[in-house]
Amino acid sequence: MRKYSLIINFATNLFSTMVYQFKNIESKWRDYWKSHSTYKESEDSTKEKFYVLDMFPYPSGAGLHVGHPLGYIASDIFARYKKLNGFNVLHPMGYDSFGLPAEQYAIQTGQHPAVTTKINVERYRTQLDKLGFSFDWDREVRTSDSTYYKWTQWIFKKLYQSYYCLDKNKAKPINDLISIFEKQGNELVNACCDDDVFIFSALQWKAFSESEKQKMLLKYRLAFLSQTWVNWCPELGTVLANDEVKDGRSERGNYPVEQKRMRQWSLRITAYADRLLHDLDNLEWTDSIKEIQKNWIGKSVGASLHFSLEKNQETIEVFTTRPDTIFGVSFMVIAPEHSLVTKLTTQENQQLVSQYCKQASLKSERDRQSDVKNVSGVFTGSYAIHPFTNKKIPVWIADYVLASYGTGAVMAVPCGDQRDWDFANKFGLEIVNIFKDVDISEKANDDKSSIINNSDFLDDLSVKDALKRAIEEIETRGIGKKKINYRLRDAIFSRQRYWGEPFPIYYKDDIPYLLEEGKYVDLPPVDKYLPTEQGEPPLARAKKEDWNVFEGDRMEYNTMPGWAGSSWYFLRYMDANNPNELVSKEKSDYWGQVDLYIGGAEHAVGHLLYSRFWTKFLYDIDCISFQEPFKKMINQGMILGRSSFVYRINDTNTFVSFEKRKEHKTSRIHVDISLVDNDILDIEGFKNWRSDFKDADFILNDNNQYCCGFEVEKMSKSKYNVQTPDDLVETFGADTLRMYEMFLGPLEQFKPWDTKGINGVHNFLRKFWRLVHDEQNNFCVSEQDPDKKEWKVMHQTIKKITDDIDRYSFNTVVSALMICVNELAELKCNKSAIISDFAILLSPYAPHLSEEIWQLLGNKESITQAQWPVFNEQYLVEDNFTYPVSFNGKMRFTLELPTNLDKAQIEKTVLELDQTIKYLDGKEPKRIIVVPKKIVNIVC
RNA sequence: GCCCGAGUGGCGGAAUUGGUAGACGCGCUGGAUUCAAAAUCCAGUGAUAGCAAUAUCGUGCCGGUUCGAGCCCGGCCUCGGGUACCA
């Protein structure tokens with residue numbers, strides 16, 4: 001008897017797993033797509049194009065976790081949907097494969113970063129392939145391939161060979177500038193350049209030595225070498241861009257960052273500041289990202305003015321957004337790094353000043369920030385002259401003034417600026433009140449609706465009028481002029497690292513020169529990935545014969561930053577294998593802008609700003625025909641992990657269950673989530689997990705179990721809460737995982753990962769399978785024409801799903817599909833016409849299963865070649881509508897009425913009902929609102 | 001501090017233009033089937049009161065507009081993100 005039941009048991013189990021054999025189905029279709037090149041796209045001018053792009057990943061050693069595919073699944077659904085709607089869809093994938101982790105690993109192990117990168121890329125590819133994406137892999141790019149980074153160098157060359165003309169407001173060839181210099185010098189040139197450019201004539205230009213000419217041109221080039229204050233990270237041995245520094249520490253690795261003056265390559269992104277700001281308006285991006293970019297660019301309109309000095313020929317130039325408060329100026333403050341510090345410091349103040357400046361330079365950015373409340377400064381001993389009142393005003397040095405913003409000097413208006421007020425208060429400086437009827441004894445007044453007072457020709461004017469008037473007067477008197485200032489700094493473009501793009505640059509007599517046309521540098525081999533003993537970057541280790549090109553005295557030792565390759569990769573996909581051009585004009589004209597870009601919001605000011613900059617530049621030099629890379633962008637929210645914790649009693653090896661943890665002094669320890677099921681710990685597994693837990697003791701709860709605590713936090717290896725897609729694909733299949741990731745909630749939202757609900761989605765796919773199979777698991781559909789009810793279900797679904805995908809509401813589509821199957825199952829409908837439409841609707845989400853059903857329905861071609869069903873209103877026309885009837889806004893009962901009744905008829909019918917009389921309870925209806933096919937509301 | 005965004009059952013979430021709040025799924029409860037389980041199917045499931053019909057309350061809090069507010073307006077609270085001496 002026992003034996004017999006075991007056999008039955010085995011048979012039924014076998015049978016139930018046979019129902020929907022996702023493993024076979026998925027591997028079958030993976031092979032089919034590969035062998036049939038189903039996802040290969042070519043340019044087809046007869047079809048409208050659509051470009052769907054994912055932010056390409058950095059292939060890290062940890063592989064993909066469940067958060068990565070979220071965006072890829074959404075973009076894949078959209079790409080498939082667009083294709084079914086007749087678009088020619090470009091949907092590529094590649095790797096941002098230069099970067100620090102591979103190099104850090106290389107330093108530790110000596111293994112070439114190219115080797116680890118290759119292994120990681122292959123792992124990513126295996127994982128991606130299992131998820132059924134419709135990527136056209138023939139277009140794959142890797143930023144670390146020389147066939148790719150050669151074109152990154154090409155763009156750098158173009159930047160080097162260009163300057164920014166402010167008259168035309170675009171980049172132009174540097175040769176044009178040279179001819180202007182030869183004809184008329186630089187006096188009339190209106191171009192973006194370094195601050196320290198002096199005026200020269202054509203004659204002077206011609207008299208310049210070669211080296212002088214090159215140095216001058218560098219001040220105009222869009223890619224230029226200059227001495228600048230940089231964020232130096234000693235731990236990483238490299239400089240970092242502003243967006244790579246967070247709270248005074250490196251974003252990668254979290255190491256301290258200090259300010260250092262170094263000769264570095266920079267890109268003149270500030271030339272594009274205004275266009276980058278202005279063009280944000282036309283982008284379909286979230287307001288928050290646009291806002292972040294706006295703040296980062298930080299445009300402020302004001303005036304620059306010169307203050308002359310009492311005992312010195314020089315002037316101090318300041319930038320102010322409030323020239324209307326000029327009469328409130330009672331002192332000046334310059335940054336400790338300001339070039340006039342030494343000249344202005346008088347003998348008796350010498351010691352204090354140099355001490356203060358030294359202290360300030362030692363303070364890291366972070367210390368300066370945490371010191372905001374602590375006002376500090378020192379007097380130089382010198383005085384400037386107020387341009388209007390001719391009064392003597394003291395010049396101070398303080399680190400609340402930043403060298404890198406504006407001119408590194410401010411005119412202090414203590415009555416109108418809180419920082420100036422604090423400073424004046426601390427050091428007993430004069431506070432002049434220039435606001436009418438405003439008390440400034442407790443704090444400064446920054447109210448823009450104030451009236452100016454005590455200010456000569458500005459008296460009684462509003463701030464707005466005073467601003468205008470002040471600038472006019474400043475300009476007529478030649479003290480200064482209207483000026484627009486940006487917070488945006490030029491982007492430092494060199495890194496003292498190995499694993500990045502080499503520069504197509506060599507040096508002769510310490511002057512940089514570009515390699516001639518067609519020549520590009522391959523990353524040379526080195527013996528170690530560390531700086532040299534002299535502190536030069538790793539590339540200085542390469543011997544002369546290791547370089548594929550070697551010219552001049554030496555090659556450039558720096559490499560490009562991580563964002564170089566990612567600033568233009570979306571263009572290369574269009575023409576990924578073109579050996580002659582970055583991208584052919586024909587192809588870039590066809591594919592154009594990215595129509596939908598999906599990725600994280602963490603690149604708001606890095607990648608997303610630099611890509612916009614490079615796109616504008618490439619547009620200026622006529623390489624492409626559009627100015628913005630990404631038309632519409634969706635930022636997917638992070639999938640957070642659910643960490644589990646055990647509680648160890650301090651100084652023991654005893655662990656106490658969650659419920660009883662407060663009875664002891666414990667510390668919380670992350671435990672691997674694979675050892676926890678429903679918050680219950682697998683004690684044996686835990687003991688074997690780490691050797692130090694082998695002899696652990698446990699205090700269990702009342703159910704004799706060990707219950708873990710939990711918290712929702714970012715997924716990371718160190719928190720043992722990483723969920724890989726691999727296990728889930730193994731247990732439930734890729735189709736289920738795809739649907740489940742979408743079902744979790746709106747794409748943009750942050751959400752905790754929880755596998756509890758996944759079988760709900762899996763059951764839905766099984767239910768659909770059962771709908772078209774009989775009890776022996778034979779495919780079984782009816783060829784009868786569907787009836788009205790069945791068509792109605794179908795067309796409701798078509799409408800809902802089409803609308804939802806169009807508004808990127810990926811999660812609600814899943815429920816619509818579920819509702820549809822539920823209703824079809826209730827109608828016992830397996831009519832092939834209906835199933836056929838349903839398979840198409842399902843296919844963007846569950847491509848493997850849909851292909852299988854599609855084939856079983858007798859189709860010879862892939863379902864990707866099908867046509868999205870067209871919604872037909874007629875199927876939804878109803879004779880009746882069920883009205884909710886409300887009294888004073890409270891719904892009391894429903895009433896089914898023919899849809900052809902007019903308002904008066906509806907009103908009459910409702911009022912005659914017994915139920916209405918009951919709810920009126922003797923009261924007179926004051927008003928009746930009837931909204932046809934919506935609601936009836938009786939006010940009484 | 002300033003600038004964005006979000007707060008809805010036990011949980012993830014739905015409600016697209018102001019019109020039946022809680023779709024769909026999970027979980028839970030009961031039932032059918034089964035020797036038993038798995039799977040499947042049926043019913044129930046916001047709170048409170050009631051055998052029930054039903055009633056009252058209910059979308060972070062307070063107030064407003066409206067016949068009608070999760071949605072619009074004003075003022076708060078909480079959480080998440082960005083930014084921080086920017087002159």
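Only a predicted model underlies this, so the values are computations on that prediction, with no experimental measurement involved. No hydrogens, no waters, no symmetry mates; every other heavy atom, side chains included, goes into these values. In what follows, chains are A, B, ... by sequence order, proteins preceding strands, each numbered from 1.
Secondary-structure stems of RNA chain B, taken as three or more successive Watson-Crick or G-U wobble pairs (i with j, i+1 with j-1) under a 3.5 Å distance threshold, comprise B:1-7 with B:77-83, B:10-12 with B:24-26, B:27-32 with B:40-45, B:46-49 with B:54-57, B:60-64 with B:72-76.
For the pair A/I289 and A/T321, nearest-nucleotide mapping onto RNA chain B gives the more 5' position to A/I289. Heavy-atom distances to RNA chain B give each of A/F750 and A/Y405 a nearest nucleotide, and the one nearer the 5′ end belongs to A/F750.
The P atoms of B/C61 and B/G10 are separated by 14 Å, rounded to the nearest whole Å. Between B/G25 and B/G46, the two P atoms lie 15 Å apart (nearest whole Å). Nucleotides B/U56 and B/G60 are separated by 22 Å at their C1' atoms, to the nearest Å. Between B/C11 and B/U48, the two P atoms lie 15 Å apart (nearest whole Å). Between B/G5 and B/G9, the two C1' atoms lie 24 Å apart (nearest whole Å). If you take atom P in B/A23 and the same atom in B/A43, they sit 15 Å apart, rounded to whole Å. Distance check on atom C1': B/C3 versus B/C86 gives 15 Å, rounded to whole Å. Straight-line distance between the C1' atoms of B/A49 and B/G58: roughly 15 Å, to the nearest whole Å.
Of the N and O atoms on the side chains of A/S300 and A/N485, not one donor lies less than 3.5 Å from an acceptor on the other residue. Judged purely by distance below 3.5 Å, without hydrogens or angles, the side chains of A/D422 and A/Q418 pair a donor atom with an acceptor atom. With hydrogens and angles left out, the side-chain atoms of A/Y400 and A/D420 include a donor and acceptor closer than 3.5 Å.
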Polar-atom pairs under 3.5 Å, protein N or O versus N or O of nucleotides 6-10 of chain B: list them with distances, or write none.
none

Using the 3.5 Å cut-off, write out each protein N or O paired with an N or O of nucleotides 72-74 of chain B and the distance between them.
none

Can you check nucleotides 21-32 of chain B for protein contacts, nitrogen or oxygen pairs under 3.5 Å, and list what you find?
{"unit_1": "B/G25", "atom_1": "OP1", "unit_2": "A/N822", "atom_2": "ND2", "d": "3.2"}

Identify each atom pair where a protein N or O and an N or O of nucleotides 46-48 of chain B are less than 3.5 Å apart, giving names and distance.
none

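Atom CD in A/Q418 sits about 20 Å away from atom P in B/A84, given to the nearest Å. Summarising the geometry, the separation between CZ on A/F881 and P on B/G19 is reported as 12 Å, rounded to the nearest angstrom. Protein atom CG of A/D399 is 13 Å distant from nucleotide atom P of B/C86, rounded to whole Å. A/K290 has its NZ atom 17 Å from the C1' atom of B/G82, to the nearest Å. Rounded to a whole Å, the CD1 atom of A/I292 is 11 Å from the P atom of B/A84. A straight line from CD of A/E748 to C1' of B/G13 spans 14 Å, rounded to a whole angstrom. Atom CD1 in A/I397 sits about 20 Å away from atom P in B/C85, given to the nearest Å. Rounded to a whole Å, the CG atom of A/L640 is 13 Å from the C1' atom of B/G12.
Closest approach to the A/R487 side chain among B/A84, B/A87, B/C67 is made by B/A84 (side chain taken as heavy atoms from C-beta onward). Taking only side-chain atoms of A/L402, from C-beta outward, the nucleotide of B/A39, B/C3, B/A87 with the closest atom is B/A87. Closest contact between the side chain of A/Y400 and the listed nucleotides B/A87, B/C85, B/G13 involves B/C85.
Between A/Y740 and A/W753, the angle of the ring planes goes over 60°, which puts this pair in the perpendicular group of the 30/60° scheme.
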- Task: Would you check, one step at a time, whether the test side-chain hydrogen bond (donor to acceptor under 3.5 Å, both in side chains) holds for A/T736 with A/Y20?
- Result: CA-CA 12 Å; A/T736 298; A/Y20 161 40; 4.7 Å; no
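Glycosidic conformation, B/G9: syn, with the torsion inside 90° of 0.
In terms of heavy atoms, A/C780 sits closest to A/N830 at O-ND2, 3.0 Å. Nearest heavy atoms, A/A846 versus A/M739: CB-SD, 4.4 Å.
At least one side-chain nitrogen or oxygen of A/N811 sits closer than 4.0 Å to the OP1 or OP2 atom of B/A14. Side-chain N/O atoms of A/R419 include none lying less than 4.0 angstrom from OP1 or OP2 on B/C85. Contact between the side-chain N/O atoms of A/Y919 and the OP1/OP2 oxygens of B/A55 is found at a separation under 4.0 Å. OP1 or OP2 of B/U56 has at least one side-chain nitrogen or oxygen of A/R892 nearer than 4.0 Å. For A/K294, no side-chain nitrogen or oxygen approaches OP1 or OP2 of B/C2 to under 4.0 Å.
For A/F423 and A/F427, the gap between ring centers is short of 6.0 Å.
A/S288 is linked by a side-chain contact (heavy atoms from CB on, under 4.5 Å) to A/T286, counting only residues two or more places apart in sequence or in another chain.
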